[in-house]
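Just below is one structure, and these are the notes that go with it.
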Amino acid sequence: MKLNKTIFKIIFFTYLLSILVIVEISGQQVPGRDENIPFLVTFGEEGETSWGDDKFYQLFFFTIPRDFRQQFYIKVLDPDTGGENDELQGVWNTRCLYSVYGGTGVDPDKNTESRGLRDGDNFKSGNLLASRAFGNEPSYDNTYYSFGPFNPTEGDFNEKWNAYIFKIICEGVSGDDGNLYRYYLSRSADADLPIEGANAFTYQYTFRMWNDFKSIAHIYPYVDTGIVYIKQRNFDWDDDGDILVVSTYKQGIPVPVSGEDTYVESRIPIEPQEIGKSLDFQFHKKQGELVMNNNVVMSLERQRGDALQFFSSPIGGVPVYQPKTIIRKTIPKK
Ligand SMILES: [Ca+2]
Ligand SMILES: [Ca+2]
Ligand SMILES: [Ca+2]
Ligand SMILES: [Ca+2]
(Lines give C-alpha, C1' and ligand atoms only; values in the text may rest on other atoms or scores of the structure.)
(Ligands and ions follow the chains in the order given, each with its own letter.)
Protein backbone atom coordinates (compact mmCIF):
# COMPACT_ATOMS: atom_id res chain seq x y z
CA MET A 1 0.00 0.00 0.00
CA LYS A 2 2.77 2.43 1.02
CA LEU A 3 4.80 1.47 -2.07
CA ASN A 4 1.79 2.19 -4.29
CA LYS A 5 1.48 5.66 -2.79
CA THR A 6 5.19 6.37 -3.42
CA ILE A 7 4.91 5.22 -7.03
CA PHE A 8 1.83 7.37 -7.47
CA LYS A 9 3.66 10.37 -6.00
CA ILE A 10 6.62 9.85 -8.37
CA ILE A 11 4.33 9.59 -11.39
CA PHE A 12 2.36 12.62 -10.30
CA PHE A 13 5.43 14.83 -9.76
CA THR A 14 7.03 13.67 -13.02
CA TYR A 15 3.81 14.66 -14.74
CA LEU A 16 3.79 18.07 -13.04
CA LEU A 17 7.43 18.64 -13.98
CA SER A 18 6.76 17.76 -17.61
CA ILE A 19 3.97 20.35 -17.73
CA LEU A 20 6.25 23.01 -16.23
CA VAL A 21 8.98 22.24 -18.77
CA ILE A 22 6.54 22.49 -21.70
CA VAL A 23 5.12 25.77 -20.43
CA GLU A 24 8.57 27.25 -19.94
CA ILE A 25 9.95 26.31 -23.35
CA SER A 26 7.04 27.63 -25.39
CA GLY A 27 7.24 31.30 -26.18
CA GLN A 28 11.02 31.39 -26.43
CA GLN A 29 11.22 30.63 -30.11
CA VAL A 30 10.04 32.75 -32.99
CA PRO A 31 7.88 31.51 -34.66
CA GLY A 32 6.40 30.10 -31.45
CA ARG A 33 5.52 26.49 -30.80
CA ASP A 34 1.75 27.08 -31.03
CA GLU A 35 2.10 28.97 -34.31
CA ASN A 36 3.24 25.93 -36.30
CA ILE A 37 5.15 28.11 -38.76
CA PRO A 38 8.44 26.67 -40.04
CA PHE A 39 10.34 29.90 -40.75
CA LEU A 40 10.37 33.68 -40.92
CA VAL A 41 11.19 34.98 -44.40
CA THR A 42 13.10 38.06 -45.60
CA PHE A 43 14.16 38.49 -49.22
CA GLY A 44 17.09 40.51 -50.54
CA GLU A 45 15.90 43.95 -51.66
CA GLU A 46 16.48 43.12 -55.34
CA GLY A 47 13.85 40.39 -55.07
CA GLU A 48 10.34 40.36 -56.52
CA THR A 49 7.44 41.08 -54.18
CA SER A 50 5.56 38.24 -55.93
CA TRP A 51 7.81 35.80 -54.04
CA GLY A 52 6.02 36.80 -50.86
CA ASP A 53 7.87 39.66 -49.16
CA ASP A 54 6.64 43.21 -49.78
CA LYS A 55 9.19 45.03 -47.58
CA PHE A 56 12.54 43.17 -47.59
CA TYR A 57 12.93 43.62 -43.85
CA GLN A 58 11.25 42.17 -40.76
CA LEU A 59 11.18 43.37 -37.16
CA PHE A 60 10.67 41.43 -33.97
CA PHE A 61 10.38 42.69 -30.41
CA PHE A 62 11.35 40.69 -27.32
CA THR A 63 9.94 41.40 -23.87
CA ILE A 64 12.16 40.53 -20.89
CA PRO A 65 10.29 40.61 -17.55
CA ARG A 66 11.54 43.20 -15.09
CA ASP A 67 12.37 40.61 -12.42
CA PHE A 68 14.74 38.69 -14.70
CA ARG A 69 18.24 39.94 -13.88
CA GLN A 70 20.64 37.69 -15.78
CA GLN A 71 22.27 38.21 -19.14
CA PHE A 72 20.66 36.68 -22.20
CA TYR A 73 21.20 36.01 -25.90
CA ILE A 74 19.15 36.35 -29.07
CA LYS A 75 20.01 33.38 -31.25
CA VAL A 76 19.36 33.11 -34.99
CA LEU A 77 18.91 29.71 -36.60
CA ASP A 78 20.16 29.59 -40.21
CA PRO A 79 21.23 33.26 -40.37
CA ASP A 80 22.88 32.74 -43.79
CA THR A 81 21.18 32.78 -47.20
CA GLY A 82 22.37 29.64 -48.95
CA GLY A 83 22.55 25.89 -48.49
CA GLU A 84 19.68 24.46 -46.46
CA ASN A 85 16.30 26.08 -45.75
CA ASP A 86 16.71 29.18 -47.94
CA GLU A 87 15.00 30.07 -51.24
CA LEU A 88 17.33 30.31 -54.25
CA GLN A 89 16.77 32.66 -57.20
CA GLY A 90 19.53 32.16 -59.82
CA VAL A 91 22.73 32.17 -57.76
CA TRP A 92 23.08 32.83 -54.02
CA ASN A 93 23.81 36.56 -53.82
CA THR A 94 21.76 37.78 -50.85
CA ARG A 95 23.17 39.43 -47.74
CA CYS A 96 21.00 39.98 -44.70
CA LEU A 97 21.89 42.41 -41.95
CA TYR A 98 20.65 41.60 -38.44
CA SER A 99 20.63 44.49 -35.92
CA VAL A 100 19.66 44.40 -32.25
CA TYR A 101 18.39 47.59 -30.61
CA GLY A 102 17.71 48.56 -27.01
CA GLY A 103 17.19 51.78 -25.04
CA THR A 104 14.84 54.72 -25.57
CA GLY A 105 13.06 54.71 -28.92
CA VAL A 106 12.54 50.94 -29.17
CA ASP A 107 9.20 50.71 -27.29
CA PRO A 108 6.56 50.70 -30.06
CA ASP A 109 3.89 52.02 -27.65
CA LYS A 110 5.86 55.26 -27.17
CA ASN A 111 7.40 55.49 -30.65
CA THR A 112 5.09 54.20 -33.39
CA GLU A 113 7.81 54.55 -36.06
CA SER A 114 9.66 51.77 -34.23
CA ARG A 115 7.00 49.37 -35.60
CA GLY A 116 8.34 49.89 -39.13
CA LEU A 117 4.91 49.54 -40.73
CA ARG A 118 4.72 52.64 -42.91
CA ASP A 119 7.13 53.43 -45.73
CA GLY A 120 9.69 56.01 -44.61
CA ASP A 121 9.35 55.23 -40.88
CA ASN A 122 12.61 55.43 -38.97
CA PHE A 123 12.36 51.94 -37.51
CA LYS A 124 16.06 51.82 -36.61
CA SER A 125 15.36 53.74 -33.43
CA GLY A 126 17.10 53.15 -30.10
CA ASN A 127 20.71 52.17 -29.36
CA LEU A 128 22.36 49.71 -31.70
CA LEU A 129 23.64 46.97 -29.37
CA ALA A 130 24.90 44.43 -31.93
CA SER A 131 24.80 43.74 -35.65
CA ARG A 132 26.20 41.35 -38.23
CA ALA A 133 25.60 40.66 -41.93
CA PHE A 134 25.45 37.13 -43.38
CA GLY A 135 25.68 36.10 -47.04
CA ASN A 136 26.02 32.54 -48.31
CA GLU A 137 28.10 31.19 -45.40
CA PRO A 138 28.30 27.39 -45.05
CA SER A 139 29.69 27.75 -41.51
CA TYR A 140 26.36 29.31 -40.44
CA ASP A 141 24.13 27.11 -42.59
CA ASN A 142 21.36 25.44 -40.58
CA THR A 143 23.14 26.35 -37.36
CA TYR A 144 22.99 29.14 -34.80
CA TYR A 145 24.59 32.53 -34.41
CA SER A 146 24.17 34.14 -30.98
CA PHE A 147 23.84 37.88 -30.46
CA GLY A 148 24.72 39.02 -26.95
CA PRO A 149 25.12 38.73 -24.07
CA PHE A 150 22.68 41.55 -23.30
CA ASN A 151 21.69 42.93 -19.92
CA PRO A 152 17.90 43.26 -19.50
CA THR A 153 18.25 46.92 -18.48
CA GLU A 154 19.74 47.69 -21.91
CA GLY A 155 16.17 47.37 -23.22
CA ASP A 156 13.47 50.06 -23.32
CA PHE A 157 11.25 49.75 -20.23
CA ASN A 158 7.50 49.47 -20.82
CA GLU A 159 5.35 49.98 -17.70
CA LYS A 160 2.27 48.26 -19.09
CA TRP A 161 4.04 44.97 -19.77
CA ASN A 162 6.43 45.51 -16.82
CA ALA A 163 9.21 44.42 -19.14
CA TYR A 164 12.28 45.61 -21.00
CA ILE A 165 11.80 45.64 -24.78
CA PHE A 166 14.47 44.77 -27.34
CA LYS A 167 14.13 44.81 -31.11
CA ILE A 168 15.85 42.76 -33.79
CA ILE A 169 15.67 43.73 -37.45
CA CYS A 170 16.60 41.48 -40.38
CA GLU A 171 17.11 43.43 -43.61
CA GLY A 172 17.80 41.96 -47.02
CA VAL A 173 20.45 44.51 -48.00
CA SER A 174 21.41 42.94 -51.35
CA GLY A 175 20.56 40.11 -53.73
CA ASP A 176 17.22 38.52 -54.60
CA ASP A 177 17.08 35.21 -52.70
CA GLY A 178 14.82 34.42 -49.76
CA ASN A 179 16.38 34.13 -46.31
CA LEU A 180 14.54 31.70 -44.02
CA TYR A 181 15.41 31.84 -40.32
CA ARG A 182 14.14 31.55 -36.76
CA TYR A 183 14.93 33.35 -33.50
CA TYR A 184 15.44 31.92 -30.02
CA LEU A 185 15.73 33.71 -26.74
CA SER A 186 18.13 32.00 -24.34
CA ARG A 187 20.05 32.46 -21.10
CA SER A 188 22.96 30.65 -22.75
CA ALA A 189 24.78 31.11 -26.08
CA ASP A 190 25.34 27.37 -26.43
CA ALA A 191 22.09 25.87 -25.17
CA ASP A 192 18.39 26.71 -25.30
CA LEU A 193 17.66 27.93 -21.78
CA PRO A 194 14.36 29.82 -21.74
CA ILE A 195 13.62 33.02 -19.85
CA GLU A 196 10.48 32.59 -17.80
CA GLY A 197 7.76 35.07 -18.74
CA ALA A 198 9.56 36.41 -21.81
CA ASN A 199 7.68 36.73 -25.08
CA ALA A 200 8.11 38.04 -28.63
CA PHE A 201 5.82 40.06 -30.86
CA THR A 202 5.62 41.89 -34.15
CA TYR A 203 3.10 43.94 -36.12
CA GLN A 204 3.71 42.54 -39.57
CA TYR A 205 4.55 38.93 -39.98
CA THR A 206 6.30 37.55 -43.09
CA PHE A 207 6.48 33.78 -42.93
CA ARG A 208 6.66 30.49 -44.80
CA MET A 209 3.91 27.86 -44.77
CA TRP A 210 4.79 24.17 -44.40
CA ASN A 211 4.97 22.31 -47.74
CA ASP A 212 2.15 19.90 -46.91
CA PHE A 213 -1.66 19.83 -46.89
CA LYS A 214 -2.26 19.01 -43.24
CA SER A 215 -0.29 21.60 -41.25
CA ILE A 216 -2.27 24.62 -40.10
CA ALA A 217 -0.31 27.78 -39.29
CA HIS A 218 -1.55 30.16 -36.59
CA ILE A 219 -0.88 33.70 -35.51
CA TYR A 220 -2.23 35.11 -32.27
CA PRO A 221 -2.97 38.85 -32.07
CA TYR A 222 -3.81 40.16 -28.61
CA VAL A 223 -7.11 42.07 -28.38
CA ASP A 224 -6.63 44.97 -25.98
CA THR A 225 -9.39 47.03 -24.34
CA GLY A 226 -11.21 49.56 -26.50
CA ILE A 227 -11.05 47.55 -29.73
CA VAL A 228 -14.32 47.54 -31.69
CA TYR A 229 -13.04 46.06 -34.91
CA ILE A 230 -9.73 45.14 -36.48
CA LYS A 231 -8.60 45.47 -40.05
CA GLN A 232 -6.68 42.53 -41.43
CA ARG A 233 -4.44 42.74 -44.47
CA ASN A 234 -2.82 39.73 -46.10
CA PHE A 235 -0.41 39.75 -49.03
CA ASP A 236 0.61 37.10 -51.58
CA TRP A 237 -1.39 34.24 -50.09
CA ASP A 238 -1.52 32.75 -53.63
CA ASP A 239 -5.19 31.74 -53.13
CA ASP A 240 -3.81 28.86 -51.07
CA GLY A 241 -6.95 27.86 -49.14
CA ASP A 242 -8.69 29.57 -46.23
CA ILE A 243 -7.69 32.04 -43.52
CA LEU A 244 -10.10 31.69 -40.57
CA VAL A 245 -10.48 33.70 -37.38
CA VAL A 246 -11.20 31.65 -34.27
CA SER A 247 -11.81 32.94 -30.77
CA THR A 248 -13.78 31.93 -27.70
CA TYR A 249 -16.68 33.65 -29.49
CA LYS A 250 -15.96 32.95 -33.19
CA GLN A 251 -16.10 29.39 -34.47
CA GLY A 252 -14.08 30.15 -37.62
CA ILE A 253 -14.92 33.21 -39.68
CA PRO A 254 -13.29 33.19 -43.15
CA VAL A 255 -11.51 36.40 -44.16
CA PRO A 256 -10.95 37.48 -47.79
CA VAL A 257 -7.65 36.05 -49.09
CA SER A 258 -5.06 37.44 -51.49
CA GLY A 259 -3.77 35.92 -54.70
CA GLU A 260 -0.35 36.28 -56.31
CA ASP A 261 1.42 39.57 -55.44
CA THR A 262 -1.79 41.22 -54.24
CA TYR A 263 -3.15 42.69 -51.00
CA VAL A 264 -6.59 41.99 -49.60
CA GLU A 265 -8.03 43.64 -46.52
CA SER A 266 -11.23 43.42 -44.52
CA ARG A 267 -12.72 44.37 -41.18
CA ILE A 268 -13.42 41.92 -38.38
CA PRO A 269 -15.83 43.12 -35.67
CA ILE A 270 -14.75 42.43 -32.08
CA GLU A 271 -17.19 41.38 -29.39
CA PRO A 272 -16.79 42.45 -25.74
CA GLN A 273 -16.20 38.78 -24.83
CA GLU A 274 -13.03 38.78 -26.97
CA ILE A 275 -11.31 41.67 -25.17
CA GLY A 276 -8.24 40.80 -23.10
CA LYS A 277 -7.66 37.54 -24.99
CA SER A 278 -5.90 36.43 -28.14
CA LEU A 279 -7.51 35.74 -31.50
CA ASP A 280 -6.38 32.74 -33.53
CA PHE A 281 -5.80 33.43 -37.23
CA GLN A 282 -5.62 29.99 -38.83
CA PHE A 283 -4.02 29.42 -42.23
CA HIS A 284 -5.48 26.29 -43.88
CA LYS A 285 -3.79 25.27 -47.13
CA LYS A 286 -5.81 24.42 -50.23
CA GLN A 287 -6.27 20.68 -50.82
CA GLY A 288 -5.57 19.02 -54.17
CA GLU A 289 -2.60 20.68 -55.87
CA LEU A 290 0.13 21.66 -53.39
CA VAL A 291 1.22 25.31 -53.46
CA MET A 292 4.96 24.99 -52.77
CA ASN A 293 7.10 27.43 -50.76
CA ASN A 294 4.22 29.77 -49.98
CA ASN A 295 5.50 32.92 -48.28
CA VAL A 296 2.80 35.24 -46.92
CA VAL A 297 2.58 38.60 -45.16
CA MET A 298 -0.03 39.38 -42.50
CA SER A 299 -0.65 42.67 -40.73
CA LEU A 300 -3.48 43.91 -38.51
CA GLU A 301 -4.72 47.31 -37.39
CA ARG A 302 -7.25 48.35 -34.78
CA GLN A 303 -9.90 50.90 -35.74
CA ARG A 304 -7.83 54.05 -35.26
CA GLY A 305 -5.04 52.88 -37.53
CA ASP A 306 -3.10 51.58 -34.55
CA ALA A 307 -1.19 48.39 -35.22
CA LEU A 308 -2.01 45.19 -33.30
CA GLN A 309 0.65 42.96 -31.83
CA PHE A 310 1.03 39.28 -32.67
CA PHE A 311 2.56 37.37 -29.77
CA SER A 312 4.61 34.22 -30.38
CA SER A 313 3.10 32.71 -27.26
CA PRO A 314 -0.60 33.64 -27.21
CA ILE A 315 -1.52 35.77 -24.19
CA GLY A 316 -4.19 33.95 -22.18
CA GLY A 317 -3.40 30.74 -24.08
CA VAL A 318 -4.67 29.42 -27.38
CA PRO A 319 -8.29 30.58 -27.70
CA VAL A 320 -10.82 27.77 -27.96
CA TYR A 321 -14.29 28.38 -29.35
CA GLN A 322 -16.91 27.98 -26.65
CA PRO A 323 -20.34 27.29 -28.11
CA LYS A 324 -23.00 29.33 -26.45
CA THR A 325 -25.09 27.06 -24.27
CA ILE A 326 -28.81 27.40 -24.63
CA ILE A 327 -30.44 27.73 -21.25
CA ARG A 328 -33.86 26.11 -21.30
CA LYS A 329 -36.31 27.58 -18.91
CA THR A 330 -37.92 24.89 -16.84
CA ILE A 331 -41.56 25.44 -16.29
CA PRO A 332 -42.25 25.22 -12.58
CA LYS A 333 -44.76 22.58 -11.62
CA LYS A 334 -47.88 23.83 -10.09
CA1 LIG B 1 20.78 28.24 -45.00
CA1 LIG C 1 20.02 35.16 -56.34
CA1 LIG D 1 18.64 31.42 -43.77
CA1 LIG E 1 3.00 33.56 -51.46
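Indexing begins at 1, ligand by ligand and atom by atom, following the structure's order. This structure is a prediction, so every number in the text was calculated from the model and none was measured.
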Could [X] and [Y] be called an ion pair, given the rule that one side-chain N must be under 4.0 Å from one carboxylate O?
X: K75; Y: D192; result: yes
X: K285; Y: D240; result: yes
X: E171; Y: K124; result: yes

Plane angle bin for [Y] and [X] - parallel if under 30°, tilted between 30 and 60°, otherwise perpendicular:
X: F61; Y: F201; value: parallel
X: Y98; Y: Y181; value: perpendicular
X: F72; Y: F68; value: perpendicular

Is the Ca ion (ligand 4) under 3.0 Å from any N, O or S atom of [X]?
X: N295; answer: yes
X: N293; answer: no
X: E260; answer: no

Response to the item:
Among the N/O/S atoms of D238, the Ca ion (ligand 4) lies closest to OD2
Practice prompt. For the Ca ion (ligand 3), decide whether Y181 has an N, O or S atom at a distance under 3.0 Å.
Written response: no
Discussion item. Would you say the Ca ion (ligand 3) has L180 as a near neighbour, meaning an N/O/S atom of that residue under 3.0 Å away?
Written reply: yes
Worksheet item: Do you know which N/O/S atom name in D86 is closest to the Ca ion (ligand 3)?
Response: OD1
Worksheet entry | Atom of D80 closest to the Ca ion (ligand 3), considering N, O or S atoms | O
Worksheet item: Between D54 and Y263, does any side-chain donor sit less than 3.5 Å from a side-chain acceptor?
Response: yes
Response to the item:
Among the N/O/S atoms of E84, the Ca ion (ligand 1) lies closest to O
Practice prompt. State the atom name: nearest N, O or S atom of D141 to the Ca ion (ligand 1).
Written response: OD1
